[in-house]
2 protein chains.
Amino acid sequence: MTREHPSNPVVLDATARQVLQVFSEKSTALFAPEAPVPDMDNCPVRDVLARVGDKWSLLILVTLSQKPHRFSALQRQVGDISKRMLTQSLRMLERDGLVSRQVFPTKPPSVEYALTALGEAALVPVAALLDWAAGAHDDIRAARRRYDAEAG
Amino acid sequence: MTREHPSNPVVLDATARQVLQVFSEKSTALFAPEAPVPDMDNCPVRDVLARVGDKWSLLILVTLSQKPHRFSALQRQVGDISKRMLTQSLRMLERDGLVSRQVFPTKPPSVEYALTALGEAALVPVAALLDWAAGAHDDIRAARRRYDAEAG
DNA sequence: CAGGATCCCTTTCGATACTG
DNA sequence: CAGTATCGAAAGGGATCCTG
């Protein structure tokens, strides 16, 4: 955060402009100096990308899209996630309103996690991205082999 | 990777099944035992998610979608990225065939980076995700306020 | 059962200095 | 200009132990 930024903003189309503005921490480098710097709590793109990009959130969401799960069942389903990370990931997802948490005061207690409507909606564009990724797999692997082959 | 996995696979629909299979390192916990364990080089979803989720790749792709950029111009546009991370990110994107790199043997040398067709195609589902994120921003922030308000 | 707290190792990434 | 090399701080994340 210490580097200097020359003021040479270029013309970006509206979509990319918005995307960059909400995404970049230092978007002032890309826009007029008087534009307000979006703080991190104000950046939905970084928020969403952080969830999508982290190790477990997406896997949890997809698992919950099948049906609601209790904590332990969720851990078994996801596979090799630790209780620590499962708890932590669920808290973030719950805080963002993507997952609901319902406690049943039985003995011993049971807690059921489920997708909210917002969580289900989130999976729509995510699924599209995953589909693209699956489709582009061959191309990516081919490019990778070419790259590694020359001057490896 | 040391935890044990009971063999209680559940029924998942085909899409989620594929997503989970390519995504989860321990997908054997979710599928039949005889299913081949996808190695990491064979997992396009993790690959793509790693690019989408990391700190700079997406910003670089969006910047390049405007027009090809030289190294220094790209660094200025992105904002507060270090040369180290810019180089590293570009190498990964180039290796995956999303970005092309062309060297002009001038003095001093100049290098131009541009999106490939694959890179442009990748931005389509990514843009959809970003659009959703922008649209869901208010809902997410509202949920967050509610969560933080109660028992903060 | 559903976590919280703690420890510690690994990876990530920024800063800095140097090179063809 | 376009990188490479090295270092250290910070974050991510697993293992383990403890609790209502």
Side-chain angles (χ1 to χ4, degrees), chain A residues 1-6 24-26 29 40 46 49-60 64 68-95 99-114 151, chain B residues 1-6 24-26 29 40 46 49-60 64 68-95 99-114 151:
Chain A
M1 315 296 178
T2 55
R3 207 170 299 100
E4 283 306 313
H5 298 283
S24 172
E25 289 182 24
K26 273 283 193 176
M40 284 305 92
R46 271 195 187 276
L49 258 39
R51 291 288 81 61
V52 170
D54 80 12
K55 201 171 177 182
W56 301 114
S57 293
L58 204 56
L59 200 48
I60 292 170
L64 288 180
H69 282 71
R70 292 175 53 185
F71 185 87
S72 294
L74 197 48
Q75 184 176 15
R76 279 191 297 274
Q77 282 301 307
V78 170
D80 61 344
I81 188 174
S82 64
K83 287 197 290 187
R84 181 184 183 277
M85 289 314 295
L86 180 56
T87 300
Q88 186 172 309
S89 302
L90 284 170
R91 290 291 173 275
M92 301 295 284
L93 294 171
E94 187 195 357
R95 187 170 110 98
V99 160
S100 67
R101 175 178 184 269
Q102 187 176 6
V103 182
F104 297 95
T106 58
K107 271 183 296 192
S110 81
V111 179
E112 186 171 276
Y113 292 92
Chain B
M1 316 299 179
T2 56
R3 207 168 302 100
E4 283 305 316
H5 298 284
S24 172
E25 290 182 22
K26 273 283 194 175
M40 284 306 91
R46 270 195 187 277
L49 258 39
R51 292 287 79 61
V52 169
D54 78 14
K55 201 171 178 182
W56 301 114
S57 293
L58 205 55
L59 201 47
I60 292 170
L64 288 180
H69 282 70
R70 293 173 53 185
F71 186 87
S72 294
L74 197 48
Q75 184 177 15
R76 280 191 296 275
Q77 282 301 307
V78 170
D80 61 344
I81 188 173
S82 63
K83 287 196 291 189
R84 181 184 183 278
M85 289 313 295
L86 181 57
T87 300
Q88 186 172 308
S89 301
L90 284 169
R91 290 291 174 275
M92 300 295 285
L93 293 170
E94 186 195 359
R95 186 171 110 100
V99 161
S100 67
R101 174 178 185 270
Q102 188 176 5
V103 181
F104 297 96
T106 58
K107 270 184 296 191
S110 81
V111 180
E112 185 171 277
Y113 292 93

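- The separation between B:Ile81 atom CD1 and C:dG14 atom C1' is 11 Å, rounded to whole Å.
- Residue contacts shown for B:Tyr113 are limited to sugar-phosphate atoms, with no base heavy atom under 4.0 Å away.
- Put simply, B:Arg70 has no side-chain N or O that comes within less than 4.0 Å of OP1 or OP2 on D:dC1.
- Spacing between atom CD of B:Gln75 and atom C1' of C:dA15 amounts to 13 Å, rounded to whole angstrom units.
- Note on A:Arg76: every side-chain N or O is 4.0 Å or more away from OP1 and OP2 of C:dA2.
- Interatomic distance, CG of B:Leu64 versus CG of B:Leu93, reported as 8.0 Å (0.5 Å rounding).
- A donor-acceptor contact under 3.5 Å is formed by the side chain of A:Arg84 with the base of C:dT6.
- Atom pair B:Leu86:CG and C:dG14:P shows a separation of 11 Å (rounding to whole Å applied).
- Between the CZ atom of A:Phe71 and the P atom of C:dG3 there is a distance of 5 Å, rounded to whole Å.
- Residue B:Lys55 places at least one side-chain N or O closer than 4.0 Å to OP1 or OP2 of C:dG14.
- Around atom CE of B:Met85, more than 12 heavy atoms belonging to other residues, nucleotides or ligands sit under 6.0 Å away.
- Place B:Gln88 and B:Pro109 on DNA chain C by their nearest nucleotides, and B:Gln88 ends up nearer the 5' end.
- At whole-Å resolution of the value, CE in B:Met85 and C1' in D:dT4 are 15 Å apart.
- Not one side-chain nitrogen or oxygen of B:Trp56 sits closer than 4.0 Å to the OP1 or OP2 atom of C:dT12.
- Nucleotide D:dT19 holds its P atom 14 Å from the NZ atom of A:Lys83, rounded to whole Å.
- The interatomic distance linking B:Arg101 (CZ) with D:dC1 (C1') rounds to 12 Å, in whole Å.
- A:Phe104 places its CZ atom 24 Å from the P atom of D:dG20, with the value rounded to the nearest Å.
- Of the candidates C:dC1, C:dG14, D:dA2, D:dA2 carries the atom nearest the B:Ser72 side chain, counting heavy atoms from C-beta on.
- One distance of note links CD of A:Gln75 with CG of A:Leu90; it measures 10.5 Å at 0.5 Å rounding.
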